[in-house]
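In listed order, ligands and their atoms are each counted from 1. Bear in mind that the values here come from a model prediction, so they are computed numbers and not experimental data.
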Amino acid sequence: MKIIDIKLGHISVPLRTPFKTALRTVNSVEDIIVRIETDTGNVGYGEIPPTGVITGDTTGAIIGAIESHIKKALIGMDIENIEEIMDKLDKSIVGNTSAKAGVDIAIYDLYGQLYNAPVYKILGGYRKEIITDITISVNEPEEMARDSIDAINRGYRTLKIKVGNDAKKDIERMKAIREAVGYDVDLRIDANQGWNYKEAIYTLRKMEDAGLNIELVEQPVPGHDFEGLKMVTDNVSIPVMADESVFSPKDAIKIMEMRAADYINIKLMKTGGIHNALKICNIAEVYGVECMIGCMLEAKVSVNAAVHLAAAKKIITKIDLDGPVLCSEDPVDGGSVFNESKIILNDAPGFGIKDIQGIKYI
Ligand SMILES: C[C@H](N)C(=O)N[C@H](CCC(=O)O)C(=O)O
Ligand SMILES: [Mg+2]
């Protein structure tokens, strides 16, 4: 099964409500679709969100990386040589993890088709069903409390609350939400790098003192500030998760060696796809550090690939794969079934994506 072409397209999917974090506000998913064609007629799909504020990857840069570098490196290669393909993909251009992830996902889709097996079974096949949290955007405390109740009415039992744009108000936000939802619901928070380490320690201790029972805090300080992250981890009881601090397997080793965080959030767009995400899973197993699998604002093609990884790996114990349920429609035929918090895998070969509506080829 040889790669004969890599085509790129664009999809646009409106969100149910604006998605707001300490870093950005977004109204729709505007992603690049990767379609890899082979000499056997098999097609593999990938998807790439341009999340410039986190990965540095813009739409133009993603297209340029694939058209001018990745395509040249991979055309003609045989899918059965996946190790060599991933080596060439890594070396085709520095950085550009999102472009690499979209191509990596399409390659794994084809790899599963080649061996007529779903990818999650090839990678480990640990479970067939996973439960995701849902994100509550950062807004005024009362609005966030209302959004949290709505999420619970939709069946979610774990909420990921966005904070980080105003430390004092963040405490009010969490008080309003906890008061509204009670104590049967798990609340995790994500500051998206919005605090410095002193603000983080102050704010998180206030939340502890108020008995808010926070499950974990994601990326309280800037991604590059490993020492600050460790200061927070050492000085609060709420467990700390590294997100923007960990892109590569090397980052993961550094964070784990330093004991700078309690958990790692793996996202395919940061790692450059499944092949590097698997390395982080292996490192995490060695260090005994549980992982979350997360996503950017993505539709079902790439999130479905993350679902397969989550289903394959025991070390992934926390799921934040809510991209598709934040969207107002699903352009994807096939793949896992997203029934609000419950995500059920199917056993179609590869990632099981049959078709994607509304692709505008570039
Ligand atoms: C969508 C997901 N639940 C999430 O919150 N991901 C963010 C980054 C998303 C983005 O800005 O596209 C995160 O975990 O930081
Ligand atoms: Mg995060």
Side-chain angles (χ1 to χ4, degrees), residues 13 15-32 47-59 62 97-98 101-102 130-139 144 147-148 151 154 156 158-165 170 186-195 200 214-223 229 232 239-247 251 255 261-271 291-304 306-307 310 316 318-328 338 340-341 343:
V13 186
L15 296 179
R16 293 165 67 115
T17 54
F19 176 80
K20 296 186 195 172
T21 73
L23 293 170
R24 65 182 191 143
T25 298
V26 190
N27 293 302
S28 60
V29 165
E30 301 291 340
D31 287 0
I32 302 288
E47 178 190 351
I48 312 169
T51 317
V53 289
I54 296 177
T55 58
D57 300 333
T58 60
T59 303
I62 291 163
T97 55
S98 305
I130 56 176
I131 304 286
T132 182
D133 62 15
I134 190 165
T135 305
I136 305 297
S137 284
V138 60
N139 278 305
M144 292 176 77
D147 290 347
S148 300
R154 284 169 68 185
Y156 293 91
T158 304
L159 308 182
K160 167 158 153 165
I161 316 290
K162 292 293 184 180
V163 292
N165 66 357
D170 289 334
D186 288 329
L187 300 182
R188 45 184 71 151
I189 61 178
D190 187 356
N192 282 111
Q193 316 178 63
W195 302 320
I214 307 295
E215 181 204 0
L216 62 90
V217 56
E218 216 173 292
Q219 201 63 45
V221 298
L229 192 66
V232 181
V240 174
M241 173 176 281
D243 181 2
E244 288 92 328
S245 290
V246 176
F247 275 55
D251 295 335
I255 290 283
D262 301 289
Y263 303 118
I264 302 285
N265 185 344
I266 300 172
K267 289 186 188 143
L268 299 181
M269 297 303 140
K270 295 186 297 169
T271 61
C291 295
M292 172 184 274
I293 182 94
C295 60
M296 304 297 183
L297 213 47
E298 301 163 38
K300 206 173 86 176
V301 185
S302 48
V303 174
N304 180 52
V307 166
I316 297 176
K318 297 174 194 306
I319 314 288
D320 174 36
L321 294 178
D322 58 347
V325 295
L326 299 174
C327 291
S328 63
F338 285 67
E340 295 290 6
S341 63
I343 306 172

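Close approach to D190 involves these atoms of ligand 1, each under 4.0 Å from a residue heavy atom: 13 (C), 14 (O), 15 (O). Atoms of ligand 1 found under 4.0 Å from any heavy atom of I54, numbered from 1 in the order shown, are 8 (C), 11 (O).
Under 4.0 Å from ligand 1, not a single heavy atom of V53 appears. Residue contacts with ligand 1 for V26 are absent, since no atom lies close enough (heavy atoms, distance under 4.0 Å). Contacts between Q219 and ligand 1 below 4.0 angstrom, taking non-hydrogen atoms only, are absent altogether.
Nearest to the Mg ion (ligand 2), among the N, O or S atoms that D190 has, is OD2. Of all the N, O or S atoms in D243, the one closest to the Mg ion (ligand 2) is OD2. For the Mg ion (ligand 2), the nearest N, O or S atom contributed by E218 is named OE2.
Under 4.0 Å is where a charged nitrogen must lie from a carboxylate oxygen, and between K160 and D320 at least one such pair does. Here K270 pairs with D243 in a salt bridge; the nearest charged N to carboxylate O distance falls below 4.0 Å.
To the nearest 0.5 angstrom, K20 atom NZ is 14.0 Å from K162 atom NZ.
Nearest non-hydrogen protein atom to atom 15 (O) of ligand 1 is N192 ND2, 2.7 Å. The nearest heavy-atom contact from the protein to atom 6 (N) of ligand 1 is C295 O, 2.9 Å. Atom 1 (C) of ligand 1 has its closest protein heavy atom at D322 OD1, 3.4 Å. For atom 12 (O) of ligand 1, the closest non-hydrogen atom of the protein is R24 NH2, 2.5 Å. Scanning all protein heavy atoms for the shortest distance to atom 5 (O) of ligand 1 gives K162 NZ, 2.9 Å. Here the heavy atom of the protein found nearest to atom 13 (C) of ligand 1 is K267 NZ, 3.0 Å.
Side-chain N/O atoms of D322 and T132 include no donor and acceptor closer than 3.5 Å.
The Mg ion (ligand 2) has no N, O or S atom of D320 under 2.8 Å away, backbone or side chain.
At least one N/O-N/O distance between L297 and ligand 1 falls below 3.5 Å.
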